[in-house]
Protein chains: 2
Amino acid sequence: MYSQSEENYLKAIYHLEESSEKGVSTSKLSEELQTKAASVTEMLKRLAEKKLVNYQKYYGVSLTPKGKSWALAIIRKHRLWEYFLVECLNFNWDEVHEVAEQLEHIQSKKLVEELDCFLGRPSFDPHGDPIPNAAGVLPEFKKRRLSEFKVGDTLICKGFSDASSSFLQFLDQHKIGLDTLLSIKSIQEFDESMLVKVRNNEIMLSKTATQNIFVEIYKESKLKEKV
Amino acid sequence: MYSQSEENYLKAIYHLEESSEKGVSTSKLSEELQTKAASVTEMLKRLAEKKLVNYQKYYGVSLTPKGKSWALAIIRKHRLWEYFLVECLNFNWDEVHEVAEQLEHIQSKKLVEELDCFLGRPSFDPHGDPIPNAAGVLPEFKKRRLSEFKVGDTLICKGFSDASSSFLQFLDQHKIGLDTLLSIKSIQEFDESMLVKVRNNEIMLSKTATQNIFVEIYKESKLKEKV
DNA sequence: AATATTATTTAGCTTTGCCTAAAAATTTTA
DNA sequence: TAAAATTTTTAGGCAAAGCTAAATAATATT
Ligand SMILES: [Mn+2]
Ligand SMILES: [Mn+2]
Ligand SMILES: [Mn+2]
Ligand SMILES: [Mn+2]
């Protein structure tokens, strides 16, 4: 139906719309997709013709309902394949993304639905990212970052916003994964780094790290103020 | 490494080299790939530059060792994916080909090897076609057509040379699949059609059909001559 | 408000892979 | 073996998707 390139643009626009308050600009897209701005402009004109995006020269782009639902279908496939690679094919969570980037473009309604069924209709991929259902609806979940919490809180890891291989390997090294319990021992005031207890080890996490770890509350400390 | 188009050409050349005595011509390729002869000529020049084929203007084409091993790698992926679709995802054997056509181009050494392992290293795909191993070696098997046998012989189905959806559905209707037992009841002299017993039913198979069914001997009749 | 800076778009070029029509080579037939 | 038929190649185009450089619009600065 649409080319791999078109699908990658739709997905990138979707992710940028989610992660930033303002609209999606040509330059942000060109950075995300590692292409030149001129190429982006061209593609946006094509996508607009196909009614997948609203594009106004010089004023950025947004997905139409049609474009959004196509983007969600690609994301669904991407995350289901990642789940398959980790659960069935012994892939590590830091090596699935590249392959899923290819598999997400395979066109077959039946393939996706049977795969979903075969895997037991998972709600989250190996990185904790939500998997849209066949109708494009995301499972309910609350995104709170580790950096928002305070000394004494105990939390469960539910996802990671930086999916880079190096960050995932860093987490592996410290034995932090989905559903790992973390408790905050102390917070350095000057750089907001946290001393965190994980499986009887205490490790230091930079602010960059704590902002990229999504958690749910397991047990909240009674303290009203940060110490 | 190579484009989808290039890979499809390599696969087509491989299949044509296998199935015909003479060399592979531009026109045979253009028919196989549903493209025009002019497009084939161009692609052959590109493939020759990449040392994947031996191409001599006006005198056809053949695979180099490099081209052959790449073709076998694609065929390996194609057949492993078909096996996966049938065994794990409830696909019927007549609906796997199109999807495998896409999946065969996914690039990941680890993916193929893990998939092979996950599936239990199968030797034949759902149509009975042999699956090359990681080194590109095909499992031993002897191809004899049902049409070669005589009245009284009992045979086991081992494959089909026409993989069209309509032929596969015809086989389904008559409950003929891999490892089905067939015994030859009679052969019409004028058109060489066969009356064959399958699971207590007798069905008539045209010569076209019997030529497209590969079998192994289960029990040979004592008759020396056709009746 | 005018100018400087930055972002975006346009223009023109490239590669891949396909097409049609014309030319050239090969093969068949007489 | 020469003419006819067929096959293959060449020439010239087109669309997708990228690029660089130049032009233009929007935003920031003075
Ligand atoms: Mn991913
Ligand atoms: Mn992709
Ligand atoms: Mn197939
Ligand atoms: Mn293919």
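Chain letters run A, B, ... following the sequence lines, proteins first and then strands; every chain starts at 1. Side-chain atoms are counted along with the backbone in the values below, which use heavy atoms only and exclude waters and symmetry mates.
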Colleague: How are the rings of B:His174 and B:Phe170 set to each other: parallel, tilted or perpendicular (split at 30° and 60°)?
Modeller: perpendicular
Colleague: Does a side-chain N or O from A:Ser27 land closer than 4.0 Å to OP1 or OP2 of C:dT6, or not?
Modeller: no
Colleague: Around atom CD of B:Gln107, are there more than 12 heavy atoms of other residues, nucleotides or ligands at under 6.0 Å?
Modeller: yes
Colleague: Base, sugar-phosphate, or nothing for B:Thr41, non-hydrogen atoms under 4.0 angstrom?
Modeller: base
Colleague: Should the heavy atoms of other residues, nucleotides or ligands under 6.0 Å from NZ of B:Lys36 be counted, would the total exceed 12?
Modeller: no
Colleague: From OH of A:Tyr55 over to C1' of C:dT10, roughly how many Å is that when rounded to an integer?
Modeller: 10 Å
Colleague: Backbone N or O of A:Pro130 within a donor-acceptor pair of the A:Arg79 side chain at under 3.5 Å?
Modeller: yes
Colleague: Fit a plane to each ring of A:Phe124 and A:Phe141, take the angle between them on a 0 to 90° scale, and name the class: parallel (under 30°), tilted (30 to 60°) or perpendicular (over 60°).
Modeller: perpendicular
Colleague: Using a cut-off of 4.0 Å on non-hydrogen atoms, how would the nucleic acid contact of B:Lys45 be classed: base, sugar-phosphate, or nothing?
Modeller: sugar-phosphate
Colleague: Flag yes if more than 12 heavy atoms outside B:Gln169 fall under 6.0 Å of its CD atom; otherwise flag no.
Modeller: yes
Colleague: Classify the ring geometry between B:Trp93 and B:His127 as parallel (under 30°), tilted (30 to 60°) or perpendicular (over 60°).
Modeller: parallel
Colleague: Measure the distance from CD on A:Gln56 to P on C:dT9 and round it to the nearest whole Å.
Modeller: 11 Å
Colleague: Determine the sole option in A:Leu115, A:Val99, A:Leu119 for which the side-chain contact (heavy atoms from CB on, under 4.5 Å) test with A:Trp81 is passed.
Modeller: A:Leu115
Colleague: Report all interatomic pairs (protein N or O, nucleotide N or O of nucleotides 16-18 of chain D) with separations under 3.5 Å.
Modeller:
from   : atom 1 : to      : atom 2 : distance (Å)
D:dA17 : OP1    : A:Ser3  : OG     : 2.4
D:dA17 : OP2    : A:Arg46 : NE     : 3.3
D:dG18 : OP1    : A:Ser5  : OG     : 3.0
D:dG18 : N7     : A:Glu42 : OE1    : 3.2

Colleague: Which atom pairs link the protein and nucleotides 25-27 of chain C when you take only N or O atoms and keep those under 3.5 Å?
Modeller:
from   : atom 1 : to      : atom 2 : distance (Å)
C:dA25 : O4'    : B:Tyr58 : OH     : 3.2
C:dT26 : OP1    : B:Tyr59 : OH     : 3.2

Colleague: D:dT7 P sits how many Å from B:Leu29 CG, rounded?
Modeller: 15 Å
Colleague: Below the 4.0 Å mark, does D:dT9 have OP1 or OP2 next to a side-chain nitrogen or oxygen of B:Thr26?
Modeller: yes
